[in-house]
There are 2 protein chains.
Amino acid sequence: MGKRSGRLSQASEVSTAERLIEVAGEIFAQKGNAATVREICAAAGCSVAAINYHFGDKQRLYVRCVEAACERKQRLFPVPNVDSLPGGTDLQTRKHREELLREFLRALARRTGSEATAPWQNTLMLREIIAPSEQVAERLGEYFKADFQRLDRLLGEVLGEVLNSPALRRSLATQIIARSMFLRTGKSLRAILGLDTPENEIPEHVADEICDSILNQISALRTNMKISS
Amino acid sequence: MGKRSGRLSQASEVSTAERLIEVAGEIFAQKGNAATVREICAAAGCSVAAINYHFGDKQRLYVRCVEAACERKQRLFPVPNVDSLPGGTDLQTRKHREELLREFLRALARRTGSEATAPWQNTLMLREIIAPSEQVAERLGEYFKADFQRLDRLLGEVLGEVLNSPALRRSLATQIIARSMFLRTGKSLRAILGLDTPENEIPEHVADEICDSILNQISALRTNMKISS
DNA sequence: ACTTGTTTGAAACAACTGTTTTATACCCGT
DNA sequence: ACGGGTATAAAACAGTTGTTTCAAACAAGT
């Protein structure tokens, strides 16, 4: 008994189910729901029965692809922990928080911008974002919510008690997410418009640009506040 | 002879071809290429033969939908003319250029953000942006190039001779496009994350926020330049 | 009224769709 | 060696796909 797999216990091959997720994710990313089970299975090198055997039906394979995309992104590009930040307003703690924000934005940018490690995941998740399907909406919501709440908290810490406000945090967060997402959403757009410089596609570079911009805005707000007081 | 239409010359109905584009665009936006000719024709209230008669095949109907989306966006939300701007560096001309930039960004934001007048066009074009199909890539390229070149030129004018540089223009333009696109790309994302304030969805409000941000950055650069010189 | 070219709907078409069935190979504990 | 659970492939399944055919309806010119 037991659920040990059948014929691949001694070799280092990947299981048919994993191969199917990998291959199906790529094809779903390209063609959406117009992808057929036959071309998926042909690409995975298995019979058409495999999908229904391992996943029940085509739709559940699709859901698993999106879930796998979320899981892999969180695993490959973890976001720095912001749960227990030391209090204090001295310069050193402030600098530390700003560097933490920078690391956070880099992780965010790597998730949406890195092409080498996760080719189809971004496209698939983007499809769900612009035309959400009911089956994965909740799952995708948890994925985004978790990291967003961390970002929101971190922004509050960077802003400090004086500046911190929900409205300002939301404005900055919107900016950050918009420009991070553009790493992927604007891919073909940049190609068309000739916006592609070598560093324009590098997640870390874009993240730093965003971070500098955010910190500059905060700095300007702080200056204005001091002047008016 | 002649190509006068058959049965709708005296009534103010729309032709079957136009009805098909309108209905097909909406369904294509929802389901992509998985949309079927039968559900399109059922929604348009005509027989399945209509698509092949008026457009040749399903694929060419899809291309026409994207083209129609581009055309209507340009018509509904025209971008201000920036071809013949008066020279000069006095305060009044500078203010005028900044207001022109604001109008430009508002038009951009209305294109991607207005839901009432163009419900499916944005989704359809976004689909093409994240997963371009060969048949419409060129058409879409022309659409974006035309307005982008105007924006690039306008940014150069706003920057002025001292600050103006291709790299800086590109950086600002990337920011503008990213945040404008987020009006649509981040729609469901904002809903999930609770970023939706009443004004957060209003194109004009977002455009003004972007414009202020851009002008502030330029202003900061100008100050730094004066200090260092 | 008759012809001409245009537009439409119902039916038919072959090809393809997702899924199920059936039979065979495989590994593992006994 | 053998039986039981697991995995796979080939074939068959009913339903749907995009497209075509064909006859009829229609408006306009003569």
Side-chain angles (χ1 to χ4, degrees), chain A residues 1-66 133-136, chain B residues 1-66 133-136:
Chain A
M1 55 158 62
K3 36 171 45 185
R4 275 272 99 269
S5 62
R7 68 174 56 180
L8 51 87
S9 52
Q10 51 192 4
S12 66
E13 306 164 3
V14 286
S15 72
T16 308
E18 294 176 49
R19 231 179 328 130
L20 271 173
I21 291 177
E22 190 64 27
V23 161
E26 188 172 348
I27 300 182
F28 276 133
Q30 286 174 9
K31 314 193 177 183
N33 199 33
T36 71
V37 297
R38 281 181 169 79
E39 69 178 317
I40 291 172
C41 291
C46 62
S47 94
V48 290
I51 286 183
N52 302 84
Y53 178 76
H54 287 282
F55 303 96
D57 56 10
K58 178 188 169 186
Q59 183 62 26
R60 273 182 284 213
L61 168 60
Y62 177 81
V63 175
R64 272 298 296 135
C65 287
V66 179
S133 66
E134 202 174 322
Q135 290 89 350
V136 298
Chain B
M1 55 160 67
K3 36 170 49 187
R4 274 275 94 273
S5 62
R7 66 175 57 179
L8 52 87
S9 49
Q10 52 192 1
S12 65
E13 307 163 2
V14 287
S15 71
T16 310
E18 294 175 49
R19 230 178 330 128
L20 271 173
I21 291 177
E22 192 63 27
V23 162
E26 188 172 349
I27 300 182
F28 277 133
Q30 286 174 8
K31 314 193 179 185
N33 199 34
T36 72
V37 298
R38 281 182 169 79
E39 71 177 318
I40 292 172
C41 290
C46 64
S47 91
V48 290
I51 287 183
N52 303 82
Y53 177 76
H54 286 285
F55 303 96
D57 55 12
K58 178 188 169 187
Q59 183 62 25
R60 273 182 285 213
L61 168 61
Y62 176 80
V63 174
R64 272 301 295 136
C65 287
V66 179
S133 67
E134 203 175 321
Q135 289 90 348
V136 298

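First the proteins, then the strands, lettered A, B, ... as listed; each starts at 1. What you see below is based on every heavy atom in this structure, not just the backbone, and it leaves out hydrogens, waters and symmetry mates.
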*With sequence neighbours excluded, residues passing salt bridge (Lys or Arg N to Asp or Glu O under 4.0 Å) with Arg64(B)*: Glu67(B), Glu71(B)
*Search all heavy atoms of Cys65(A) against all heavy atoms of Gly25(A) and return the closest pair with its distance.*
SG-N, 3.5 Å
_I'd like to check the salt bridge (Lys or Arg N to Asp or Glu O under 4.0 Å) partners of Arg38(B); sequence neighbours left out, ordered by chain and number._
none
*Does anything in residues 18-34 of chain A reach DNA chain C, meaning a heavy atom under 4.0 Å, and if so which residues?*
none
*Could you walk me through whether Arg60(B) and Asp57(B) pass the side-chain contact (heavy atoms from CB on, under 4.5 Å) test, one step at a time?*
CA-CA 6 Å; Arg60(B) 273 182 285 213; Asp57(B) 55 12; 3.3 Å; yes
*Provide, to the nearest angstrom, the distance between the CD1 atom belonging to Ile51(B) and the P atom belonging to dT17(D).*
12 Å
*Nucleotide dT6(C), atom P - distance to OH of Tyr53(B) in whole Å*: 7 Å
N/O-N/O pairs, protein side and nucleotides 9-15 of chain D side, under 3.5 Å:
{"from": "dA9(D)", "atom 1": "OP2", "to": "Ser47(A)", "atom 2": "N", "distance (Å)": "2.7"}
{"from": "dA9(D)", "atom 1": "N7", "to": "Ser47(A)", "atom 2": "OG", "distance (Å)": "3.3"}

*Separation of Leu20(A) CG from His54(A) NE2 (nearest 0.5 Å)*: 7.0 Å
*salt bridge (charged side-chain N to carboxylate O under 4.0 Å, His left out) contacts touching residues 16-28 of chain A (sequence neighbours left out)*: Glu22(A)-Arg72(A)
*Looking at CD1 of Ile21(A) and OG of Ser15(A), how far apart are the two atoms once the value is rounded to the nearest 0.5 Å?*
7.5 Å
*With a 4.0 Å cut-off on heavy atoms, is Ala35(A) in touch with a base, just the backbone sugar-phosphate, or nothing at all?*
sugar-phosphate
*Between atom CG in Asn52(A) and atom P in dT8(D), what is the gap in whole Å?*
13 Å
*What closest approach, in Å, do Ile40(B) and Ile51(B) show between heavy atoms, and which atom pair accounts for it?*
CG2-CD1, 4.2 Å
*asked:* Give the residues of residues 54-62 of chain B touching DNA chain C, defined as any heavy atom closer than 4.0 Å, sorted by residue number.
replied: His54(B)
_Ignoring hydrogens, what is the shortest heavy-atom contact between Ala17(B) and Phe55(B)? Give both atom names and the distance._
O-CZ, 3.6 Å
*Output yes when a side-chain donor or acceptor of Lys31(B) lies under 3.5 Å from a complementary backbone atom of Asn33(A), and no otherwise.*
no
